[in-house]
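Remarks on the structure that follows.
The structure presented is a predicted model; accordingly, all values stated were derived computationally and were not measured. In what follows, chains carry the letters A, B, and so on, assigned in the order in which the sequence lines appear, proteins first and then strands, with residues in each chain numbered from 1.
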2 protein chains.
Amino acid sequence: MLKEERHQFILNEVRIHNRVLLTDIADLLNVSVDTVRRDIKELHSAEQLKKVHGGAISLGFNNYNPIGKKIYSLEKKSRIAEKALGLIKEGQVILLSGGTTNLELARRLPAKIKLTCFTPSLPIAVQLLTKTNVEVIFIGGRLSKDSQITVGGSAINMLSEIKVDICFLGTNSIHPIEGLTEFDWEIVQMKKAMIHSSRKVVSPCISEKIGSLQRYKICGVEEVDVLITELEPWDVKLDVFKNMNIQLM
Amino acid sequence: MLKEERHQFILNEVRIHNRVLLTDIADLLNVSVDTVRRDIKELHSAEQLKKVHGGAISLGFNNYNPIGKKIYSLEKKSRIAEKALGLIKEGQVILLSGGTTNLELARRLPAKIKLTCFTPSLPIAVQLLTKTNVEVIFIGGRLSKDSQITVGGSAINMLSEIKVDICFLGTNSIHPIEGLTEFDWEIVQMKKAMIHSSRKVVSPCISEKIGSLQRYKICGVEEVDVLITELEPWDVKLDVFKNMNIQLM
DNA sequence: ATAATAATTGCATTTTATTGCACGATATGC
DNA sequence: GCATATCGTGCAATAAAATGCAATTATTAT
């Protein structure tokens with residue numbers, strides 16, 4: 001059995017069960033626990049899951065407590081969130097997609113700021129409950145348990161009825177030629193609808209995700225008005241975007 | 001069981017009940033109190049909860065409730081939730097309004113049961129994320145920060161498009177003559193819409209609330225099909241309902 | 001094709017982490 | 001103050017992690 005197959009298998013198990021035990025995987029795949037341990041170690045470094053004593057758990061496992069959600073690459077995401085904050089002005093209407101970077105952004109919103117904020121993300125909505133002057137409007141729909149956002153026709157329908165000033169579009173993969181791509185088809189549909197409902201699209205994106213590709217396309221790079229990364233402006237990774245009509249932060 | 005799972009479980013309990021007892025957690029998880037104590041110690045250092053003598057409490061929320069009263073009320077609500085569970089059958093479509101009793105109900109749904117569940121309540125949606133076979137459909141709308149449910153035209157509109165088998169209508173006040181009443185006008189509108197979208201209306205209600213009155217009327221007692229309280233069937237408090245067309249549990 | 005090199009895997013050993021229990025100290029409720 | 005419950009600490013048993021090593025399997029170069 002190929003290592004890659006095992007990795008996929010493990011990730012799949014984690015996706016389904018939110019957790020796996022080393023010994024279970026070793027049994028199921030007929031390999032030693034050491035091998036599985038090494039696999040999980042690698043997937044942990046790749047931030048595909050979280051290694052814990054005895055097994056691994058899904059990164060999005062905090063189904064239980066979105067408020068206390070642990071965030072990976074927190075440093076980078078915090079920097080991005082700080083930058084993104086600068087784009088928000090008192091009284092605006094914004095739209096926050098899901099994702100931990102946007103969760104960080106929500107957490108950092110000044111306590112006194114007056115905003116209207118649409119979101120389909122459960123953790124973000126919970127976070128925003130603490131901001132007394134932010135009017136939160138939740139996009140209804142079927143809850144996707146993986147991503148903890150609502151999806152489906154009802155949600156897209158609700159999105160079609162709004163027009164916001166800025167959309168902060170959490171981004172899994174951004175590629176200079178292929179644009180934004182996503183693993184989950186339903187989320188693709190949601191993100192397309194969000195872009196359509198927004199006057200300005202801002203994409204907060206940690207640098208690891210630049211250049212990567214997923215299965216489905218959301219939109220081209222030209223649809224994004226602002227790209228926020230944790231990098232310094234002169235970083236070579238950003239060169240590919242420099243002659244495009246996109247603002248870099 | 002993985003340590004991380006215990007931690008999530010404990011945080012979940014804290015999030016829902018605002019407080020937990022070491023001994024309860026130890027019982028529920030079948031581990032020693034020492035282990036739970038250590039878990040809580042770690043979560044305390046991580047500032048995810050506050051460790052107190054005998055257990056732990058939530059960091060941010062309303063800890064103003066006297067501890068003794070809280071658990072008392074919780075026990076009643078748990079009893080009610082247990083009774084309510086009996087009404088739910090595999091494959092049904094249900095609607096859960098907000099409120100802590102319904103949250104208890106959501107928490108107790110069997111892990112394997114297959115259901116479709118509509119709700120406008122943020123805490124309930126979060127809770128239901130853990131039930132893998134429950135399809136959760138969130139009623140979108142403006143989030144009321146007090147009640148943590150969505151309200152307003154958009155939510156009522158979404159409710160108008162559905163018809164569910166059973167609605168569990170968390171009830172603040174039930175009066176034999178005046179019917180169900182509520183303090184908050186927006187919630188009244190939501191509850192009216194929920195009743196309208198349901199074939200059967202079940203009202204879980206702790207006995208303190210029987211006979212009390214609030215500002216606005218939701219509906220008459222005749223609109224409620226089942227009233228669930230923590231009381232025994234022969235309790236005198238229930239007499240007023242006995243010649244009405246309402247099932248008592 | 002074949003040899004050299006690198007990667008992968010399983011096993012043995014050592015190190016570390018987790019867990020439950022015992023015991024004395026401390027806090028709580030009456 | 002007394003009885004009870006909870007806390008903190010140390011300890012031992014167990015489980016899992018890390019490490020080194022040898023055998024096997026892939027990959028590459030010639």
Looking for any heavy atom pair under 4.0 Å, which part of the strands does Val52(A) touch: base, sugar-phosphate only, or nothing?
->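 The answer is sugar-phosphate, as Val52(A) gets under 4.0 Å only of primed atoms, P, OP1 or OP2.
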What does Val31(B) touch in the nucleic acid at a heavy-atom separation under 4.0 angstrom: a base, only the sugar-phosphate, or nothing?
->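 The answer is sugar-phosphate, as Val31(B) gets under 4.0 Å only of primed atoms, P, OP1 or OP2.
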Classify the side chain of Arg37(A) versus the base of dG10(C) as yes if they form a donor-acceptor pair under 3.5 Å and no if they do not.
->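 Per atom types, no contact qualifies.
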Atom pair distance, as rounded to whole Å: [atom1] in [X] and [atom2] in [N]:
X: Leu29(A); N: dT9(C); atom1: CG; atom2: P; value: 11 Å
X: Lys41(B); N: dC7(D); atom1: NZ; atom2: C1'; value: 9 Å
X: Leu22(B); N: dT26(C); atom1: CG; atom2: P; value: 19 Å
X: Asp24(B); N: dT6(D); atom1: CG; atom2: P; value: 10 Å
X: Met1(B); N: dT18(C); atom1: CE; atom2: P; value: 15 Å
X: Glu5(A); N: dT8(C); atom1: CD; atom2: C1'; value: 14 Å
X: Leu21(B); N: dC7(D); atom1: CG; atom2: P; value: 10 Å
X: Asp39(B); N: dT6(D); atom1: CG; atom2: P; value: 17 Å

Classify the side-chain pair Glu182(B)/Ser173(B) by whether it contains a donor and acceptor separated by less than 3.5 Å.
->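 No pair is found: no donor N or O on one side chain lies under 3.5 Å from an acceptor on the other.
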Are any non-hydrogen side-chain atoms of Leu227(B) and Cys205(B) less than 4.5 angstrom apart?
->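 Yes, side chains in contact.
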Whichever of Gly54(B) and Arg38(B) has its nearest DNA chain D nucleotide further upstream toward 5' =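 First, find each residue's nearest nucleotide; the 5'-ward one identifies Gly54(B).
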Do Arg108(A) and Glu104(A) meet the salt-bridge criterion of a basic N to acidic O distance under 4.0 Å?
->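 Looking at Glu104(A) and Arg108(A), the cut-off is met.
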Heavy-atom donor-acceptor pair, Arg79(A) side chain to Glu230(A) backbone, under 3.5 Å |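 Side chain of Arg79(A) to backbone of Glu230(A): a pair is present.
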Specify the residue among Glu42(B) and Asp34(B) whose closest nucleotide of DNA chain C lies further upstream toward the 5′ end.
->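 Per heavy-atom nearest nucleotide, the more 5' residue is Glu42(B).
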Looking at Leu180(B), Thr181(B), Ile210(B), which hits side-chain contact (heavy atoms from CB on, under 4.5 Å) with Thr171(B)?
->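 Passing option: Leu180(B).
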Using only side-chain N and O atoms of Lys51(A), determine if any of them is under 4.0 Å from OP1 or OP2 of dA18(D).
->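 Answer is yes, contact under 4.0 Å.
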Would you tell me if any nitrogen or oxygen in the side chain of Arg6(B) comes within less than 4.0 Å of OP1 or OP2 on dT19(C)?
->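 True: Arg6(B) side-chain N/O within range (under 4.0 Å) of dT19(C) OP1/OP2.
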His53(B) side chain, from C-beta outward: closest of dT18(C), dA27(C), dT9(C) |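 Of all the options, the side chain of His53(B) is nearest to dA27(C).
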